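This is a predicted model, so every value here is computed, not measured. The figures here come from the full heavy-atom set of this structure, side chains too, leaving out hydrogens, waters and symmetry mates.
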Amino acid sequence: MVGQTNLTEIKLEAEAAIERSGMQKQFIAKELQTTTSNVSNWLSETRNFPIDQLARLSKLLGDYRFSCLAAEYVFGIELLPDDQGQDIPQTRFFASIKEENDRKGLEKESFFSIMAKSPTDWNDSEIKFMSGYSKELEEETLAETSYSAAVKQSLRIAIDGRI
């Protein structure tokens with residue numbers, strides 16, 4: 001390893017990124033064409049994380065922070081400034097509020113009239129509108145999951161610091 005990021009940091013961040021993504025290890029294993037036990041073993045302290053699978057996991061998760069740390073580990077190039085080295089709840093909180101506001105911005109009179117109908121009665125423009133609403137709702141849910149993971153990570157850091 002050339003970079004300053006070590007394998008233990010990568011494994012911890014991979015766990016956090018998986019938690020933020022909401023993906024299950026079974027799904028990840030299927031997407032990476034491996035077994036769930038292999039994924040668990042890579043994240044444990046007893047096995048190395050194959051570089052090719054690290055890259056594939058980074059792409060699958062689409063987690064910016066994890067991708068930066070993985071690149072630092074593989075290539076030895078620092079991509080995250082020191083002040084972004086820790087995933088802080090405050091940043092995730094504001095991201096979740098933004099996504100919530102984006103979704104709520106779509107909840108106008110037309111939204112409620114569409115929701116009052118049976119989905120079989122939706123016309124093409126209503127289907128398109130609800131598709132956009134669904135996308136915003138999914139983004140909000142992912143932001144909330146990410147926020148929750150950041151709070152849990154901060155709690156672990158706080159508790160570990162007291163031991």
Working to the nearest 0.5 Å, report the span between [atom1] of [X] and [atom2] of [Y].
{"X": "Met115", "Y": "Glu126", "atom1": "CE", "atom2": "CD", "result": "12.0 Å"}
{"X": "Lys108", "Y": "Ser113", "atom1": "NZ", "atom2": "OG", "result": "13.0 Å"}
{"X": "Ile97", "Y": "Glu140", "atom1": "CD1", "atom2": "CD", "result": "8.5 Å"}
{"X": "Thr35", "Y": "Lys30", "atom1": "OG1", "atom2": "NZ", "result": "15.0 Å"}
{"X": "Ile114", "Y": "Trp122", "atom1": "CD1", "atom2": "CH2", "result": "7.5 Å"}
{"X": "Arg20", "Y": "Asp63", "atom1": "CZ", "atom2": "CG", "result": "4.0 Å"}

Do the side chains of [X] and [Y] join up, straight or via other hydrophobic residues, at under 4.5 Å, putting them in one cluster?
{"X": "Leu60", "Y": "Val74", "result": "yes"}
{"X": "Val151", "Y": "Leu12", "result": "no"}
{"X": "Met130", "Y": "Leu137", "result": "yes"}
{"X": "Leu61", "Y": "Leu142", "result": "no"}

Note, [X] side chain near [Y] side chain (heavy atom, < 4.5 Å):
{"X": "Gln53", "Y": "Asn38", "answer": "no"}
{"X": "Asn48", "Y": "Trp42", "answer": "no"}
{"X": "Lys59", "Y": "Arg56", "answer": "no"}
{"X": "Leu57", "Y": "Val39", "answer": "no"}
{"X": "Leu69", "Y": "Glu9", "answer": "no"}

Looking only at heavy atoms, what is the nearest atom pair of [X] and [Y], with distance?
{"X": "Ala14", "Y": "Leu43", "answer": "CB-CD2, 3.5 Å"}
{"X": "Phe49", "Y": "Leu7", "answer": "CB-CD1, 3.9 Å"}
{"X": "Phe66", "Y": "Ala17", "answer": "CB-CB, 3.7 Å"}

Are the side chain of [X] and the backbone of [Y] linked by a donor-acceptor contact shorter than 3.5 Å?
{"X": "Ser131", "Y": "Ile127", "answer": "no"}
{"X": "Ser21", "Y": "Ile18", "answer": "yes"}
{"X": "Ser40", "Y": "Ser37", "answer": "no"}

*Partner residues of Thr8 under the side-chain hydrogen bond (donor to acceptor under 3.5 Å, both in side chains) criterion, sequence neighbours left out*: none
*Is Lys135 salt-bridged to Glu139, cutoff N-O under 4.0 Å?*
yes
*Just wondering, are more than 12 heavy atoms of other shown residues or ligands nearer than 6.0 Å to CD in Glu138?*
no
*So with a 6.0 Å cut-off around CG of Asp124, is the heavy-atom count from everything else above 12?*
no
*Tell me, please, which residues at least two apart from Tyr133 pass ring pair (Phe, Tyr, Trp, His ring centres under 6.0 Å).*
Phe111
_ring pair (Phe, Tyr, Trp, His ring centres under 6.0 Å) partners for Phe129, two or more places apart_ = none
*Partner of Glu136 under side chain to side chain contact (heavy atoms under 4.5 Å, CB included), chosen from Arg103, Glu100, Lys104*: Arg103
